[in-house]
2 protein chains.
Amino acid sequence: MPNIKQIAEAAGVSVTTVSRVLNDHPYVSEAKRKAVEEAIRKLNYSRNMNAVHLIKGTTRTIGVVLPRINLYYFARMMEGMAQEALLHNYQLMLCQTDYRPDEERKVLEMLRNKQIDGLVICSRSLSLDEVEAYAAYGPIALCEAVRDRPLSSVYIDHYAIFQKAITYLWEKGRRRIGFTAGRRRNSPSLRRRLQAYNDTLLALGGSPRQEWVLDGCYDIGDGAALVEHLLAMPERPDALLITGDQVAAGFILAARSRGLEVPGDFAVIGFDNQPISAVLGITTIDNRLSEIGARAFDSVRSQLAGQQPGPVSEELGFRFIKRGSV
Amino acid sequence: MPNIKQIAEAAGVSVTTVSRVLNDHPYVSEAKRKAVEEAIRKLNYSRNMNAVHLIKGTTRTIGVVLPRINLYYFARMMEGMAQEALLHNYQLMLCQTDYRPDEERKVLEMLRNKQIDGLVICSRSLSLDEVEAYAAYGPIALCEAVRDRPLSSVYIDHYAIFQKAITYLWEKGRRRIGFTAGRRRNSPSLRRRLQAYNDTLLALGGSPRQEWVLDGCYDIGDGAALVEHLLAMPERPDALLITGDQVAAGFILAARSRGLEVPGDFAVIGFDNQPISAVLGITTIDNRLSEIGARAFDSVRSQLAGQQPGPVSEELGFRFIKRGSV
DNA sequence: CTGTTAGCGCGTTCAA
DNA sequence: TTGAACGCGCTAACAG
């Protein structure tokens, strides 16, 4: 591969002129421009972007941290980011961490290393303190509510959602309400939800039950398995918030094939407004995953572009979609 | 951010020694090593990877081309790649192209630009000729059958799958067989499938019907909509190959709620062995998406590592999973 | 409008 | 075991 110097020689100009042509600068005579373009074509020249990145201190690449790309929740966020990236001519570095703290640290280091210009963290296991320590090296956006830190935050209010959903179930006469979650420990969103669960039920005069907080539910099979699990309980809930419509669908399908009725025996509220919820008539929460991804990406991008002086915090409203599972 | 020179000064050594410490080279006295490490800590130094990339001519980054990450088919492949990447300390650049040829070209250019060391193309709209032109700049793997070209190829035999599935339906007494697809035109896999569809049915003495080739089916909602579409046809199939279990599930659920029976009125064979196929008892093809991704990634990686002299071609076997929808 | 020159930050001969 | 010096390929003052 030839370099810029060889192009300059071949075209009979200086490297500066070549660089100017490469970067569409003004003040290049038409004749020299043509000569340079001709040399580029003839020698099959292509710029080495690593040199450009080095000198500019920028890569137009933004990192994305998430545990697993094959979960609807994250794939949808990623899709939103990717569309935005396409629009603004950015690249996306996908860092599937499987929630391993060391992998998350590696990505933060990439920010420090200048491999990426900014970072979107869809879900994390590191502490906010540890994340914040890297804010000095580039804009970081989290897809969760974060306050009073130099980090951008694009989120929906999980607390309010749970409050609303639980109250709705309560008004429909349900008194034995439980919920499911994905990751066991330390998830920021799980903490918020648990808090809302406890607060709301107590405020309504009900009783939160920790054995009705079911974790490890990721896909439709987990939802189906949940039915047996509940049936084996001495006391079981009569309503469930299920964080993920695939899981909710699995639960409903398995329950029905077991002769149970939804919403008769179990009222179900799903999450994400996935396509399957429309097909099965599942009442669900549209938590605007794609938009969260897009907005989180954009908060990073706009800071890089200097359009935003500092981190932004943006709460997106959710939509409660009533269908037939309650 | 300090650079290597400042560290050298602070530690009272030369930049060479600092570089040696940074890269774990031997022949550095314990005393100097400690001094360097101390200086690195004190000045909060971090290497600028872009300089390393420039000088090494390598980024340890592999690009991934796919149309949309929020399709099970691609998300699952990507997951396989990401796991492998994690294992081998590579980064993944996600390039969601939405099948736009220009975006695919941009990614190929990144290979030439040395932004990425290699490329995995999960699905393409460019011609193989155009892709092949970039093979000189780094290893490229496609997730489809490619012969006699300097490109790696990791795939399952779509032709054989269709042959097997159609024959199976035929043996079960079905004579009016159709199939669904995602993308309309120009998809290499669609072409293979169409060919298998025509060949197999003709060989069996049946008749392929072009109006029973249904495209634009991506998610569960499309599957549900398909039912109405078929019912509106003067002559409709009694069996369908549906490329994607979500789509198959939508079809089955909608058909049943319409009072139709599966497999009574329609026999259905799904694809991908997605979790939903187990829950609904859908007969399906396990096409090993995650492994395809992993193997494709690895073919690129091993070429970069010099473990493979040239491109490899690898066909993975599929599994036919019989459940209750036929 | 054009060219000379000095870096960007780092790895790596080569000689000591 | 160490360091001086060169070069990776490119951009951007600065001077003309």
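Letters A, B, ... are given to chains in the order of the sequence lines, protein chains preceding strands, and every chain is numbered from 1. Fair warning: this is a prediction, and the values are worked out from it, not measured in the lab.
For B:Asn48 and C:dG7, the CG to C1' distance is 14 Å, given to the nearest whole Å. Rounded to a whole Å, the CG atom of A:Leu54 is 11 Å from the P atom of D:dT11. In this structure, A:Gln115 atom CD and C:dC10 atom P are separated by 13 Å, rounded to whole Å. One atom, CD of A:Glu9, and another, C1' of D:dG9, lie 14 Å apart when rounded to the nearest Å. Across the protein-nucleic acid pair, B:Asn50 atom CG and D:dT11 atom P stand 14 Å apart, rounded to whole Å. Note: CD1 (A:Ile7) to P (C:dG3) measures 15 Å, nearest angstrom. Straight-line distance from the CG atom of A:Asn3 to the P atom of C:dC8: 20 Å, rounded to whole Å. A straight line from CD of A:Glu30 to C1' of C:dC1 spans 13 Å, rounded to a whole angstrom.
Of the residues near DNA chain D, A:Ser19 and B:Ile55, the one whose nearest nucleotide (by heavy atom distance) lies more toward the 5' end is B:Ile55.
Checking side-chain atoms of A:Asp298 against main-chain N and O of A:Ala294 turns up no donor-acceptor pair under 3.5 Å. At distances below 3.5 Å, not a single donor-acceptor pair connects side-chain atoms of A:Arg192 with backbone N or O atoms of A:Ser187.
Side-chain contact check for A:Glu104 and A:Ser125: at least one donor-acceptor pair (N or O, by modelled atom type) lies under 3.5 Å. Side chain to side chain, B:Arg76 and B:Asn287 fail the donor-acceptor criterion of an N or O pair below 3.5 Å. A donor atom on one side chain and an acceptor atom on the other are found under 3.5 Å apart for B:Gln303 and B:Ser152.
Using a 4.0 Å cut-off, some side-chain N or O of B:Arg47 falls inside it from OP1 or OP2 of C:dG11. Contact between the side-chain N/O atoms of B:Lys32 and the OP1/OP2 oxygens of D:dG3 is found at a separation under 4.0 Å. Taking side-chain N and O atoms only, B:Tyr45 has a distance below 4.0 Å to OP1 or OP2 of C:dC10.
Heavy-atom minimum distance, B:Ala296 versus B:Ala141: O-CB, 3.7 Å. The minimum heavy-atom distance linking A:Ile69 with A:Leu66 is given by the pair N-CD1, 3.7 Å.
No engagement by B:Val18 is indicated, since no non-hydrogen atom pair under 4.0 Å with the nucleic acid exists. In this structure, B:Asn23 reaches the sugar-phosphate backbone alone: every heavy-atom distance under 4.0 Å involves primed, P, OP1 or OP2 atoms, never a base. Within the 4.0 angstrom heavy-atom criterion, no nucleotide atom of any strand lies near A:Lys5.
Of the candidate nucleotides C:dC10, D:dT11, D:dG3, D:dT11 has the atom lying nearest to any side-chain atom of A:Val52.
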Sort me out a list of protein N/O and nucleotides 4-6 of chain D N/O pairs below 3.5 Å, or just none if empty.
from  : atom 1 : to      : atom 2 : distance (Å)
D:dA4 : N6     : B:Thr16 : OG1    : 2.7

